[in-house]
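Numbers restart at 1 for each chain; the letters A, B, ... are given by sequence-line order, proteins then strands.
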There are 2 protein chains.
Amino acid sequence: MYGKDLSERKKLILKAVVESHIELGEPVGSKSLQQLPGIKCSSATIRNEMAELEEMGYLEQPHTSAGRVPSQLGYRFYVDQLLEHYAMTTGEINQINSILKSKTAELDQILLAASKLASSITNYTGLAVKPKRSSVSVSRFEVAYIDESNFVLIMVTSLGNVVSKHVRLSEPRPRQRIELLCEALNKLVAGIAAESINLPVIMNLEAVMESDAPIVAPIVKTIYSALTEYDGGELQLSGINRLLQYSDYESPEHLSELLGTLEQKDEILRLVSESTGEDVSVLIGTESSVQVMNNSALVFKPIVKDGKTLGVIGVLGPLRMDYAKVLETIEHLCGSVEEIIGGYSPIFPSPAALPPSDKAANDLRKGKNDTDE
Amino acid sequence: MYGKDLSERKKLILKAVVESHIELGEPVGSKSLQQLPGIKCSSATIRNEMAELEEMGYLEQPHTSAGRVPSQLGYRFYVDQLLEHYAMTTGEINQINSILKSKTAELDQILLAASKLASSITNYTGLAVKPKRSSVSVSRFEVAYIDESNFVLIMVTSLGNVVSKHVRLSEPRPRQRIELLCEALNKLVAGIAAESINLPVIMNLEAVMESDAPIVAPIVKTIYSALTEYDGGELQLSGINRLLQYSDYESPEHLSELLGTLEQKDEILRLVSESTGEDVSVLIGTESSVQVMNNSALVFKPIVKDGKTLGVIGVLGPLRMDYAKVLETIEHLCGSVEEIIGGYSPIFPSPAALPPSDKAANDLRKGKNDTDE
DNA sequence: TTTAGCACTAATGTGTCGCGAGTGCTAACT
DNA sequence: AGTTAGCACTCGCGACACATTAGTGCTAAA
């Protein structure tokens, strides 16, 4: 393991370099370190130590006769071992409480609010992700009949969310047939994950629908696409303008590329979904393996309830971000969000107290979230 | 009216200045104009003309001994009177067709795709707006019962969209009571616009619900917020990175401010909703009366069907944007989108073929749109 | 009314210079 | 052996002077 061979003094110096550079954004020299409390040696000694730290890869020099700047490895080590707990100010805590607590609404809203808070507290770009989910299923179908050629198919998913799709029929069907279809769907499709809607299921459906068999296929297709679409993960950024505050020293083309990648969304979604575990992830520079983020750091943490990841909130900032504050903020935010959604009386408290469609029972064990729209 | 006193030659010169500056982004001098076809006088004459144009406010000089740059008024006049029709390339048309035609899905999706197209074709930032609607109402309520403390209230709006809200009850209620509530809602609230849900309505509801009166108020509040929230207008940007390509000569703080304003969304929504008529709007510089957009131009056009504005797509770019191309692109895009949604068989074809809730009848005269989710 | 010519202006680019912050190295010191 | 003082060296950076250049306005002639 790296970093085990560092003397206490080296750690102290590395820590000081990182923190000074995070704060001021400039290469830090031996003299400025010397007058720091806790260091009792001369600038020459510090120079020697820094030279060695550079040798080992923790620091680097923009050019001869500039101070040192932490390398990616330097930040890594700092985050892993040197970080001091940041105590959030009461102002910050109040801000979180007042804004977040007022949102008892949809999870989406809460996530967005949390991302905005993350951005405004840390002064970096905040992000909220509604993660890709595997194997969502519909626990119940409803129809809202509009006219003989149109109805809205409403699906309550296994997670308690609601997805609705407008369906247009090529040939008109009377109300009862549609309601029959709905019943059939509830009997045959409810509780089945999108990927396991297969031919036998469809044939069953068609058999039930008798003369209306032709309308089954397009409807199943609609259901399928609704589920997978809903499933697709969503990324929302807040405080994009703060990207400029720190990457202005970078080339504008680079920034433009970064913005493009962010707008694409898939890279970030991939990163977020790749991370395992319930803990904070910190991706520094190339660790993200996204070319354009080599000069950025990404900190994020999933919001977990009963073992399910309901969302992710995080912060995107420069390599020299204030990791202590960001980590603390993210953790606090996640905590608050989990508290809020935990405060909900569970929608599906136990396999016993169940929604009407018995079929769906086995899919509802853990789903207790409550977004919709 | 301005601009009537301009000689043909002045117009020619103004046009040339604008177009040259749009293309190259640099102040344009008398010499470079001279060698343009269609101008048969010497640079000195052009200088005189330009001096007069500056006098009149159509041109301005960044400093002595630089060329001239169009003023805001200059652009205005150019757009109003000098613009030449831009013929879209077949490549561009194909791009639109292939991408747009494949989206037969939700209006939201179509709008987003159109905005992306606008951005990629024009190389500026594209925007799509789902406009604020006035007086949406619920034409029908449905409930999806989950358990005795939870149900999902599903509302089919007067426009045929579906909004759903999860409702948590502080005290459990049996299924029948919820269904009764739903019936009552359909009787008393369906067809009423959010703003006309008043005390008498609520009292009526409470009377019907008898012992369950206490749950009425929060539910009405939910309905109200769902409607106004849904009603709130939505803005999506695409190609934000292209903002950098042209505003890099601006101060980075300014750009940051602009991004902030865009993220806020309300300014843009206001601008878009303020515009009347079905035509393209072109807001140049201060015409938007948004401080931070003084150096930007906004071009947008509503998507209209049967007299209803279903969305707006537009482009945000620098003052020196390629108005000819942008205008043509936006108009073409809007045309394509209208064509696509026009192809839908109308959901509410006539006041006769109506959704079950008779109450809602009078709200459905024109609603023929079909988004959902 | 147009044009050629000329003096003038301001931005832009280039080269030189000195300053200052910071380093590495060596030699003396504990 | 580790620490420190001292010193020579290296860059980056801002300042200044200077030439260049693209463009102007004005005047006087066509």
Side-chain angles (χ1 to χ4, degrees), chain A residues 5-14 16-21 23-71 74 248-251, chain B residues 5-14 16-21 23-36 38-71 74 248-251 320:
Chain A
D5 44 351
L6 288 189
S7 68
E8 279 312 306
R9 192 169 63 190
K10 280 209 178 56
K11 287 185 188 174
L12 194 60
I13 289 175
L14 177 55
V17 171
V18 172
E19 287 176 353
S20 164
H21 185 251
E23 189 187 344
L24 305 171
E26 273 158 24
V28 12
S30 52
K31 286 238 170 91
S32 62
L33 287 183
Q34 191 179 11
Q35 56 215 26
L36 240 63
I39 299 195
K40 74 233 159 290
C41 48
S42 78
S43 71
T45 312
I46 298 178
R47 277 203 291 284
N48 289 333
E49 293 285 51
M50 291 209 293
E52 286 182 51
L53 280 168
E54 184 174 359
E55 191 92 356
M56 301 185 215
Y58 295 103
L59 295 180
E60 42 199 39
Q61 253 180 323
H63 54 86
T64 347
S65 98
R68 298 308 207 294
V69 159
S71 69
D248 51 2
Y249 54 82
E250 296 259 4
S251 73
Chain B
D5 44 350
L6 286 189
S7 69
E8 279 312 306
R9 191 170 66 189
K10 279 208 178 58
K11 287 184 186 171
L12 193 61
I13 289 176
L14 179 53
V17 171
V18 172
E19 287 175 353
S20 163
H21 185 250
E23 189 188 346
L24 304 171
E26 272 159 25
V28 10
S30 51
K31 286 235 171 93
S32 61
L33 287 184
Q34 192 180 7
Q35 56 217 25
L36 240 63
I39 299 195
K40 72 230 163 289
C41 48
S42 79
S43 71
T45 314
I46 298 177
R47 276 203 290 282
N48 288 333
E49 293 284 51
M50 290 209 294
E52 286 181 53
L53 281 168
E54 183 173 1
E55 191 94 355
M56 301 186 215
Y58 295 103
L59 296 179
E60 43 197 40
Q61 252 180 324
H63 55 85
T64 344
S65 97
R68 299 306 208 294
V69 159
S71 69
D248 51 1
Y249 52 83
E250 296 258 4
S251 72
R320 49 168 279 254

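Close approach of DNA chain D to chain A, defined as any atom under 4.0 Å from a non-hydrogen atom of the protein, starts and stops at D:dT3 to D:dG12.
If you measure from atom CD1 of A:Ile13 to atom P of C:dT23, you get 11 Å, rounded to the nearest angstrom. Between the CG atom of A:Leu24 and the C1' atom of C:dA21 there is a distance of 15 Å, rounded to whole Å. Rounded to whole angstrom, the span from the CD atom of A:Glu54 across to the C1' atom of C:dG22 amounts to 13 Å.
Contacts between residues 41-49 of chain A and DNA chain C, defined by a heavy-atom separation under 4.0 Å, are made by A:Arg47. Contacts of residues 59-71 of chain A with DNA chain C (heavy atom under 4.0 Å): A:Gln61, A:Ser65, A:Ala66, A:Gly67, A:Arg68.
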Sequence neighbours left out, cut at 3.5 Å: what donor-acceptor pairs do the side chains of residues 23-36 of chain A make with other protein atoms?
residue: A:Ser30; atom: OG; partner: A:Arg47; partner atom: NH1; Å: 3.4
residue: A:Ser32; atom: OG; partner: A:Gly29; partner atom: O; Å: 3.0

Contacts under 3.5 angstrom, residues 60-71 of chain B side chains, donor-acceptor by atom type, not counting sequence neighbours:
residue: B:Gln61; atom: NE2; partner: B:Ala66; partner atom: O; Å: 3.4
residue: B:Arg68; atom: NE; partner: B:Glu54; partner atom: OE1; Å: 2.8
residue: B:Arg68; atom: NH2; partner: B:Glu54; partner atom: OE1; Å: 2.9
residue: B:Ser71; atom: OG; partner: B:Gly57; partner atom: O; Å: 2.5
residue: B:Ser71; atom: OG; partner: B:Tyr58; partner atom: O; Å: 3.1
residue: B:Ser71; atom: OG; partner: B:Leu73; partner atom: N; Å: 3.3
residue: B:Ser71; atom: OG; partner: B:Gly74; partner atom: N; Å: 3.1

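Residues satisfying the side-chain contact (heavy atoms from CB on, under 4.5 Å) test with B:Leu12, not counting sequence neighbours, are B:Ile39. Considering only residues two or more places apart in sequence or on other chains, A:Glu55 meets the salt bridge (Lys or Arg N to Asp or Glu O under 4.0 Å) condition with none of them. The side-chain hydrogen bond (donor to acceptor under 3.5 Å, both in side chains) search around A:Glu49 returns A:Arg9, A:Lys10, not counting sequence neighbours.
A pairwise comparison of heavy atoms in B:Leu14 and B:Leu6 identifies CD2-CD1, 4.4 Å as the closest pair.
The CG atom of B:Leu53 lies 8.0 Å from the OG atom of B:Ser7; values are rounded to the nearest 0.5 Å.
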Please enumerate all protein N or O atoms sitting under 3.5 Å from an N or O of nucleotides 12-17 of chain C, with distances to 0.1 Å.
none

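For the helix from C:dT1-D:dA30 to C:dT30-D:dA1, the angle separating the two terminal helix axes comes to 20°, with each axis derived from five pairs and the value rounded to 10°.
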